[in-house]
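Written out below as structure tokens is the structure these notes cover.
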Amino acid sequence: MSLHLEHLNPEQLAAVTLGDEHALILAGAGSGKTRVLTTRIAWLVKGGRVSPAGILAVTFTNKAAREMLTRVSAMLPVNPRGMWIGTFHGLANRMLRAHHRDAGLPQAFQILDSQDQLAALKRLLKGLNVDEDRFPPREVQYFVNNRKEEGVRAGEVPLTDETTRRFVELYAAYDEQCQREGVVDFPELLLRAFELLKRNELLREHYAQRFRHVLVDEFQDTNRLQYRWLKLLASSGARMFCVGDDDQSIYTFRGANVGNMADFERDFRVKHVIRLEQNYRSHGNILDAANALIANNRNRLGKNLWTAAGKGEPLRVFEGESDADEARWLVEEVQALAREGTRLSQIGVLYRSNAQSRVVEHALFSQGIAYRVYGGLRFFERKEIKDALAYLRLVATPEDDNSFLRVVNLPSRKIGARTIEELQDAARQQGVSLFKAVPGNSKAAAFTRLIEELKAETANLPLPEVVRHVVERSGLLEHYKTEREGADRIENLEELVNAAAAFGEEAREVEPGEPTDPLTGFLAHAALEAGEHQAGEGHEALQLMTVHSAKGLEFDAVFITGLEEGLFPHEQSVTERDGLEEERRLAYVAITRARQRLYLSHAQTRMLHGQTRYNIPSRFLEEIPEALMKWLTPRFSKKKDFSWSGRSPEPLPFAKPRAREVGGFRIGQNVHHPKFGSGVIIDAEGQGTDARVQVNFGNQGVKWLAVAVAKLQAA
DNA sequence: GTGTTGTACATAGGC
DNA sequence: TGTACAACAC
């Protein structure tokens, strides 16, 4: 039960034992950030500096919140009752349930995930006869969410032009619809919680007095609204302890605002910025590479990681002729590592985008190597689970039109688009929910009766039995039994019953005002905690994932694949503001995942969207000092004509004939241009003085150049 | 009202 | 290349 303060380095100790003041902790990768955060909480509580109820600690993921809770519990003599530890959304939900009346919400309000939100918007746009070409649902969603994250309601958006005016109308209509149906989307959860404190002085005072210490994890990932909410919570003198790393900010594309770090320093007149720069994870060469790379970014608070461990081995770099070649090499290296005793689960294969996993998977599969791919559908996002949840939601909230539409004809009740439309018209006219608008003698009435019966039948059952009963009586189980390949779905539906049981068993402390209805709690849990991506965690398997999902993880050996211009950095990023810097931070995150060994690779050709692409090596490879790397293939191979030779597939017999060689240049050849720099020829056409070649210059773009005019040189 | 073909589209993904 | 959803035919 000791805090083991003696094991902390001076900076960590200073952070943990900081006195009565605000603090910004710049915590580099692998610098013991979580340890500092949890030890500080324990130190505050154990020393009697604050009661557990005075602690509010917030993270971004449920996983991080769980880990924090576990570690804090281990350091304290009793279960830390009364602490608020959770995600922003989880804590907002908790607050809104407790004060749903003040927040203007029904007690059992349902939470829309992004999919649900999009479905709700599509329905709205259809009902309003909006031209979906001019106002695509996705863009409306984007607009709404961005405004909410700025804390701006529909009535407050400046109407700069006609299009904006239209978007704002839709925003307002969407919010009305949500209100009517008693549902709340993710950004709304945060905005409501913010507005609740902003408008209700009594409540604000209550919480601001209660929480004496507010601790924030991954502070660089907070958006503007989250920061403003934190400021309200700290409005009565609470001490803020914000931990973050600007170099690991990789989520600006979804609203994260690194600027919050600088704002925080200023707004709270932070006296102490503590830098945790000693890294306990990686060998020296790996850290040197990371430091050198990130030094190319201009917008930084500044930080340099160091380690007491040795330099370790050089980074191994491989150039593949193709993506398949790269994958073959990777598999061989993995096998070699395994022979040397590295466990598969301690090897991470990282890539920029999910599409890249396929080739690697193929190679792994053919060699019989166990692997696990992260990403994709999570448990509570699966179709059959969402169907079951829709029934459960209707039992709890019949006004939930989203759920109504989802399952009114599932299993089939012979209710088609026509009937639905009529129903929607009627509901709109009467200003009521679809459920209420159902005429007594219609086909749909059988459905509403079913829901009402379910409600009555399950009223006094324990939660898992409620779920079991609804899954069976709704006809879903039967429906999926008759569906071919429905075995997995049946299994998942059964697993849902188990999930309900597990949820019920988790002894969660109930504070006054907390929802007492277990079903409501479970439905919120399902929305907020999407569950595991894939079963089979803990099995010995190679770990495949995007760089984004690797954040926060570490491996003995790491492969970063597809280090090519256009892929990593991604071509989309060049059009984004500071996009390239974010890509570089992403590469920084990837590198710093490795403990002992780091492998970097790229391929000369790659199949993307069914087409062969010729990419030049990523600039990030050039930003890493040569001395740290060991090239397994000749650096930036000068091999020419690779697309037409050797093992490479012949062009299809009916493919459009392409000029293989024009004006002394060949497809696949590396070239240099005085203005655009180095590139690779990806296409050619014409003859003699008309000869033109298409060159991929990476960040400079893809260009057609006349051979006679452009000063192209073989590189 | 349901099954089938056809076309558009393709970063990253937490809650 | 593979998927997702919309417009089509039964």
Side-chain angles (χ1 to χ4, degrees), chain A residues 58-65 86-94 111-119 122 126 132-133 136-138 145 148-149 184-190 193 217-218 221-223 225-226 249-256 323 350-359 362 374-378 380-381 383 408-421 443 483 524-531 533 545-552 562 566-576 579 582-583 585-587 589-590 606-613:
Chain A
V58 58
T59 64
F60 275 84
T61 64
N62 289 299
K63 197 175 160 212
T87 63
F88 278 101
H89 293 84
L91 297 176
N93 174 56
R94 190 169 179 175
I111 299 168
L112 301 186
D113 66 20
S114 316
Q115 286 178 41
D116 300 332
Q117 186 189 30
L118 193 62
K122 280 184 181 164
K126 265 218 179 77
E132 297 204 0
D133 287 329
R138 286 211 169 275
N145 289 351
K148 287 188 180 182
E149 282 172 5
V184 168
D185 59 46
F186 283 137
E188 182 75 20
L189 221 40
L190 300 178
D217 190 17
E218 306 278 15
D221 288 339
T222 50
N223 65 32
L225 184 57
Q226 288 161 338
S249 162
I250 57 174
Y251 285 113
T252 58
F253 72 91
R254 63 175 199 217
D323 47 358
L350 313 186
Y351 35 80
R352 176 64 177 80
S353 49
N354 282 308
Q356 287 168 249
S357 76
R358 188 168 284 129
V359 190
H362 181 78
Y374 285 72
L377 268 196
R378 312 246 236 129
F380 287 108
E381 291 166 354
K383 182 186 181 306
V408 65
N409 198 34
L410 192 96
S412 174
R413 299 186 176 87
K414 304 275 158 70
I415 300 167
R418 188 69 184 276
T419 319
I420 300 283
E421 254 171 61
K443 280 185 191 141
E483 192 182 70
H525 167 81
L528 292 171
E529 164 96 79
H533 273 298
M545 66 192 78
T546 64
V547 181
H548 279 95
S549 23
K551 190 174 169 208
L567 246 191
F568 199 2
H570 197 280
E571 55 196 351
Q572 295 278 343
S573 68
V574 297
T575 58
E576 290 161 13
E582 178 138 321
E583 293 290 308
R585 291 193 292 270
L586 204 45
V589 167
R606 184 176 296 278
M607 281 293 269
L608 199 64
H609 311 322
Q611 274 186 328
T612 305
R613 301 206 350 172

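So that the names make sense, note that chain A is the first sequence line, chain B the second, and so on, each numbered from 1. The structure displayed is predicted, hence computed values, not measured ones. Keep in mind that the numbers below use all heavy atoms, side chains included, and drop hydrogens, waters and symmetry copies.
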Please report, rounded to the nearest Å, how far the C1' atom of B/dA8 is from the CZ atom of A/R138.
14 Å
Indicate whether A/F253 forms a stack on B/dA12; treat it as stacked only if centroid distance is below 5.5 angstrom and interplanar angle below 30 degrees.
yes
Roughly how far, to the nearest 0.5 Å, is the CG atom of A/L190 from the CG atom of A/N223?
6.5 Å
What's the gap between B/dG13 and C/dA4 when it is taken at their P atoms, as a whole Å value?
16 Å
Would you please confirm or rule out a distance under 4.0 Å between OP1 or OP2 of B/dC15 and any side-chain N or O of A/N223?
no
Nearest-nucleotide check on DNA chain B, A/K443 vs A/L586; residue mapping nearer the 5' end is A/K443
I need the NZ-P distance between A/K551 and B/dA12, as an integer number of Å.
17 Å
Among side-chain atoms of A/Q117 and A/N145, is any donor-acceptor pair under 3.5 angstrom?
yes
side-chain hydrogen bond (donor to acceptor under 3.5 Å, both in side chains) with A/T546: which residues, sequence neighbours excluded?
A/S549
What's A/G610 touching, base or sugar-phosphate or nothing? Going by heavy atoms closer than 4.0 Å.
base
Quick one: does A/R413's side chain get under 4.5 Å of A/K443's, heavy atoms only?
no
Measuring from the side chain of A/H548 (C-beta onward, heavy atoms only), which nucleotide among B/dA12, B/dT11, B/dC15 has the closest atom?
B/dA12
A/E218 has an atom CD; how far is it from atom P of B/dC15, in whole Å?
12 Å
Length of the line joining A/N354:CG and C/dT3:C1', which is rounded to integer Å
14 Å
Once you apply a heavy-atom cut-off of 4.0 Å, does A/N409 come out as touching a base, just sugar-phosphate, or nothing?
sugar-phosphate
For B/dT2, take OP1 and OP2 only and decide whether either is under 4.0 Å from a side-chain N or O of A/S412.
yes
Decide yes or no on ring-ring contact (aromatic ring centres under 6.0 Å, His included) for A/Y374 and A/H548, but give the supporting numbers first.
CA-CA 11 Å; A/Y374 285 72; A/H548 279 95; over 10 Å; no
Using a 4.5 Å cut-off on heavy atoms from C-beta on, say whether the side chain of A/L567 contacts that of A/Y351.
no
Rounded interatomic separation in angstrom, taking OH from A/Y374 and P from B/dA12
18 Å
Whole angstrom value for the distance that separates C1' of B/dC9 from CD of A/Q572:
12 Å
Take the protein atom CD of A/Q356 and the nucleotide atom P of C/dG2, then report the distance between them rounded to whole Å.
16 Å
Which whole-number value in Å describes the distance from A/Y251 OH to B/dA12 C1'?
7 Å
Any base atoms under 4.0 Å from A/R418, or only sugar-phosphate, or nothing? Heavy atoms, all strands.
sugar-phosphate
side-chain N/O A/R378 vs B/dC15 OP1/OP2, d < 4.0 Å
yes
Counting only side-chain heavy atoms from C-beta out, which of C/dT1, B/dT11, B/dG13 sits nearest to A/M607?
C/dT1
Applying the 5.5 Å / 30° rule, does A/H570 stack onto the base of B/dT11?
yes
Answer with yes or no whether A/T61 presents, from its side chain, a donor or acceptor under 3.5 Å of a partner atom in the base of B/dC15.
no
Within the structure shown, what part of the strands sits under 4.0 Å from A/F60 by heavy-atom distance: base, sugar-phosphate, or nothing?
sugar-phosphate
Among C/dT1, B/dA12, B/dC15, the one nearest A/H609 by side-chain distance
C/dT1
Answer yes or no: does a side-chain N or O of A/S573 lie under 4.0 Å from OP1 or OP2 of B/dT11?
no
Within the structure shown, what part of the strands sits under 4.0 Å from A/D221 by heavy-atom distance: base, sugar-phosphate, or nothing?
nothing
Quick check on DNA chain B: between A/S549 and A/I415, whose nearest nucleotide comes earlier from the 5' end?
A/I415
